[in-house]
Number of protein chains: 2
Amino acid sequence: MSDAFNSECPAREVLEHITSRWGMLILAALGEGPRRFSELHATIGGISEKMLSQTLRTLVRDGLVTRTVEPATPPRVSYELTPLGRGLTTSLEQFLSWIRKHTIDVVTAQRRHDKQHG
Amino acid sequence: MSDAFNSECPAREVLEHITSRWGMLILAALGEGPRRFSELHATIGGISEKMLSQTLRTLVRDGLVTRTVEPATPPRVSYELTPLGRGLTTSLEQFLSWIRKHTIDVVTAQRRHDKQHG
DNA sequence: CAGCATCCAAAAGGATACTG
DNA sequence: CAGTATCCTTTTGGATGCTG
């Protein structure tokens, strides 16, 4: 059985692609529906075009995202979750929802910790 | 409202701590119950003591994990999820469960992709 | 056992300039 | 618009040696 705890198992690589610095945010943004390159760039604060392009290529290769070029000038390229990728949406949304609700608790804990220690 | 898509929002830092290279695996391992340092080291394949210690410190500071020292020789140190951290367990387990089920699909997609392209 | 400190190599990733 | 290519800095993280 595939096991992310085993560093030799392909599951580890899948984990690292999805939880890579930008992977989660891209997948979450695409959970809302198809998006163009420039829309993703605007939605995800702080991402460079290089990293957006690079991470999207990884996700396309992993079969989680499709890339569609509409022939036009200027070119329109849109990205969309595959059925496989859509299987992740629920748990990713739950996870991001937890963060929305509990960021304040984490910040509070950090402050308390920094006050007690260095 | 806290928003991980905004690179200035503390939520982004919370996201990055949890989805850091080793953060998810540590939190998932602790989802099973309290664990000692050496147990975590054995459970999580490929992690160095340095990174285990470093990531645990971050999670403790974030209020997701507690560190307990039992005075003994040799010292016994155990880590456990806080109530806050336990709130993450369900969605993390769903996520890792998805990976267990679909690693094979991702590997298949990668192979198909590598065959068609370079 | 459970770390921390230091050093160093490798990888990630940002800035910039350029292209169809 | 949607990238690619190059350069260069920052970060990551492994190895090693040491400590209570």
Side-chain angles (χ1 to χ4, degrees), chain A residues 4-8 12-26 29-30 34-62 65-80 113 117-118, chain B residues 4-8 12-26 29-30 34-62 65-80 113 117-118:
Chain A
F5 285 101
N6 177 356
S7 63
E8 306 299 310
R12 176 67 68 87
E13 194 193 349
V14 176
L15 175 73
E16 293 187 345
H17 287 179
I18 297 173
T19 65
S20 68
R21 181 160 183 194
W22 303 109
M24 272 240 163
L25 292 171
I26 292 174
L30 292 177
R35 289 290 184 273
R36 297 181 53 192
F37 186 87
S38 54
E39 292 176 319
L40 290 172
H41 190 248
T43 298
I44 302 170
I47 196 171
S48 64
E49 294 185 351
K50 174 186 167 182
M51 290 313 299
L52 178 54
S53 162
Q54 190 171 301
T55 308
L56 281 167
R57 275 203 303 272
T58 299
L59 297 175
V60 168
R61 174 171 178 263
D62 287 351
V65 170
T66 57
R67 178 179 186 273
T68 309
V69 185
E70 302 168 46
T73 31
R76 297 174 72 87
V77 180
S78 63
Y79 295 88
E80 185 172 6
H113 187 274
H117 310 70
Chain B
F5 285 102
N6 178 356
S7 62
E8 306 299 310
R12 175 67 68 86
E13 195 193 348
V14 176
L15 175 72
E16 293 187 345
H17 287 179
I18 298 173
T19 66
S20 69
R21 181 162 181 193
W22 304 109
M24 272 241 164
L25 291 172
I26 292 174
L30 292 177
R35 290 289 185 274
R36 297 181 52 193
F37 186 87
S38 52
E39 292 177 319
L40 290 171
H41 190 247
T43 299
I44 301 170
I47 196 172
S48 66
E49 294 185 352
K50 174 186 167 181
M51 291 312 299
L52 178 54
S53 162
Q54 191 171 301
T55 307
L56 280 167
R57 275 202 304 274
T58 300
L59 298 175
V60 167
R61 176 171 178 263
D62 288 351
V65 170
T66 57
R67 176 179 186 272
T68 308
V69 184
E70 303 169 45
T73 34
R76 297 174 70 89
V77 182
S78 64
Y79 295 89
E80 185 172 5
H113 187 275
H117 311 70

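Reminder, nothing fancy here: chain letters follow the sequence lines and each chain counts from 1.
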Quiz item: Which residues, if any, of residues 16-25 of chain A bring a heavy atom under 4.0 Å of DNA chain C?
Solution: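 Nucleic-acid contacts, sorted: A:Arg21, A:Trp22.
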A side-chain contact here means heavy atoms from C-beta on lying under 4.5 Å apart; do [X] and [Y] qualify?
X: B:Arg57; Y: B:Ser53; answer: yes
X: A:Val65; Y: A:Arg67; answer: no
X: B:Leu56; Y: B:Ile26; answer: yes
X: B:Thr43; Y: B:Leu25; answer: no
X: B:Ile47; Y: B:His41; answer: yes

Distance, rounded to the nearest Å, where [X] contributes [atom1] and [N] contributes [atom2]:
X: A:Arg35; N: D:dC1; atom1: CZ; atom2: P; answer: 17 Å
X: B:Tyr79; N: C:dC1; atom1: OH; atom2: P; answer: 14 Å
X: B:Ile47; N: D:dG13; atom1: CD1; atom2: P; answer: 9 Å
X: A:Leu56; N: D:dG3; atom1: CG; atom2: C1'; answer: 11 Å
X: B:His41; N: C:dC4; atom1: NE2; atom2: C1'; answer: 15 Å
X: A:Lys50; N: D:dT10; atom1: NZ; atom2: C1'; answer: 12 Å
X: B:Glu49; N: C:dC1; atom1: CD; atom2: C1'; answer: 9 Å
X: B:Arg57; N: D:dG13; atom1: CZ; atom2: P; answer: 14 Å

Is the shortest side-chain N/O distance from [X] to OP1 or OP2 of [N] below 4.0 Å?
X: A:Ser48; N: C:dG13; value: no
X: A:Ser53; N: D:dT4; value: yes
X: B:Thr73; N: D:dG20; value: no
X: B:Arg36; N: C:dA2; value: yes

Practice problem: Give a yes or no on this: more than 12 heavy atoms of other residues, nucleotides or ligands lie within 6.0 Å of atom CD of B:Glu70. | Solution: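 Yes, because the 6.0 Å sphere around CD of B:Glu70 holds more than 12 heavy atoms from other groups.
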Practice problem: Could you check B:Arg76 against A:Met51 and say which one's nearest nucleotide on DNA chain C is further toward the 5' end? | Solution: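 Per heavy-atom nearest nucleotide, the more 5' residue is B:Arg76.
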Quiz item: Has the side chain of B:Arg12 got a donor or acceptor atom that lies under 3.5 Å from a matching backbone atom of B:Phe5?
Solution: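 At least one qualifying donor-acceptor pair exists.
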Quiz item: On DNA chain D, nearest-nucleotide positions of A:Pro75 versus A:Gln54: which is more 5'?
Solution: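 So the residue in question is A:Pro75.
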